[in-house]
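For reference, the structure is listed below as structure tokens.
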Amino acid sequence: MKIATYNVNGINARLPRLIEWLDEQKPDVVCLQELKGDGDRLPIKAIEEAGYGGVWMGQKGFNGVAILTPGGDPREYQRGLPGDPEDVQSRYIEAEIGDVIVASIYLPNGNPQPGPKFDYKLAWMERLLARAEELYALERPVILAGDYNVIPTDNDVHSPAAMEDDALTQPESRAAFRRLGAMGWTDALRARFPSGKIWTYWDYQAGAWQRDAGLRIDHLMLSPVAADRLVDAGVDKEYRGREKASDHTPVWIMLAE
DNA sequence: ATGACAGCCTCTGGCTGA
């Protein structure tokens, strides 16, 4: 079972690239982030024609997450991140696919820091940790996949100095992310590649892709039962170099059936 | 110190992103 996460940075702008990737890689579960659209603006029909369908939580202009499967049979398990009824941003959805629970996460960026956006990020991470506790307690295969907007360590960024003041590297952001690990969640890409430099994002600006100046911010966190089934993980890096690419690449895991 | 890219709405500039 191949489960992937892909921040598309605008699903309409990315539609040819997304459908091409679905055709070529044939993932069994796809977590999407940054749809940047809602309602009639979501290309649900085009995705169905490509053989996929699922659960959607869009938002006009920004944010937006979805979980897709071939045949479109995921069951919505949770819509929105619990813990703050005032939060109207579309950043979190869960679905059940067979015995597996998958979450598609678009964690707030938090820049500039300090400031209200950074406060929102940290509060959102507390809510995510609370939800992760609940899911962990189920003792089921659970995958928390998405754009975490956290660079876990200095080994996950091309230039730590360049990102020193960024919300993605702040000690508070990293500490909250580490608490997932302390709880017992496995960072799948790091489990597969314990020490290498692996990027999942390259800025559009300043020739970041050409210089291979990237970040690792898209993560798949596995519950213990899911981690037991992990057989491989990787980054579909080549898609970053194609025409009209997202600034993120797809990241995937392979689980034993 | 600033802007660089890119996508989207308010739409030919402003906002957000990371």
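Note on naming: letters A, B, ... go to the chains in the order of the sequence lines (proteins, then strands), and numbering restarts at 1 for each one. Bear in mind that the values here come from a model prediction, so they are computed numbers and not experimental data.
Side-chain polar atoms of A:Asp147 and A:Gln33 form no donor-acceptor pair below 3.5 angstrom.
The side chain to side chain contact (heavy atoms under 4.5 Å, CB included) with A:Ile217 is formed by just one residue from the set A:Val150, A:Leu168, A:Asp156, A:Val157; it is A:Leu168. A:Ile143 pairs with exactly one of A:Ile97, A:Val29, A:Thr5, A:Leu220 by the side chain to side chain contact (heavy atoms under 4.5 Å, CB included) rule, that one being A:Leu220.
Only A:Leu168, listed by number, bring a heavy atom of residues 150-172 of chain A to less than 4.0 angstrom from any atom of DNA chain B.
Going from the P atom of B:dT2 to that of B:dG7 covers 26 Å, rounded to whole Å. The P atoms of B:dA6 and B:dC11 are separated by 24 Å, rounded to the nearest whole Å. Between the C1' atoms of B:dT16 and B:dG3, the separation comes to 16 Å (whole Å). Comparing the same atom, P, in B:dC9 and in B:dA4 gives a spacing of 22 Å after rounding to whole Å. Comparing the C1' positions of B:dT10 and B:dG14 gives a spacing of 8 Å, expressed to the nearest Å. Nucleotides B:dA18 and B:dG13, compared at atom P, are 26 Å apart to the nearest Å.
In this structure, A:Arg211 reaches neither bases nor backbone, as no heavy-atom distance under 4.0 Å exists between it and the strands shown. At a threshold of 4.0 angstrom between heavy atoms, the contacts of A:Asp147 are confined to the sugar-phosphate backbone, with no base atom among them. Residue-level contact check: A:Tyr106 touches the backbone only, with heavy atoms under 4.0 Å from sugar-phosphate atoms and none from bases. Counting any heavy atom pair closer than 4.0 Å across all strands shown, A:Lys121 reaches no nucleic acid atom.
For A:Gln205 and A:Lys60, each mapped to the nucleotide of DNA chain B holding its nearest heavy atom, the one lying further toward the 5' end belongs to A:Gln205. Place A:Arg91 and A:Gly61 on DNA chain B by their nearest nucleotides, and A:Gly61 ends up nearer the 5' end.
A donor-acceptor contact shorter than 3.5 Å is absent between the side chain of A:Arg17 and the backbone of A:Ser246.
Protein chain A contacts DNA chain B over a range whose 5' and 3' limits, counting nucleotides with an atom under 4.0 angstrom from a non-hydrogen atom, are B:dA4 to B:dA18.
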Show the numbers, then the answer: is there a salt bridge (Lys or Arg N to Asp or Glu O under 4.0 Å) between A:Arg242 and A:Asp236? CA-CA 11 Å; A:Arg242 294 193 187 181; A:Asp236 288 340; over 6 Å; no
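With values rounded to the nearest 0.5 angstrom, A:Gln59 atom CD is found 11.5 Å from A:Leu42 atom CG. Note that NZ of A:Lys244 and CG of A:Asn9 are 9.5 Å apart. Values are rounded to the nearest 0.5 Å. To the nearest 0.5 Å, the span separating CG on A:Leu144 from NE2 on A:His219 amounts to 12.0 Å.
Side-chain rings of A:Tyr148 and A:Phe177 approach one another, their centers coming within less than 6.0 Å.
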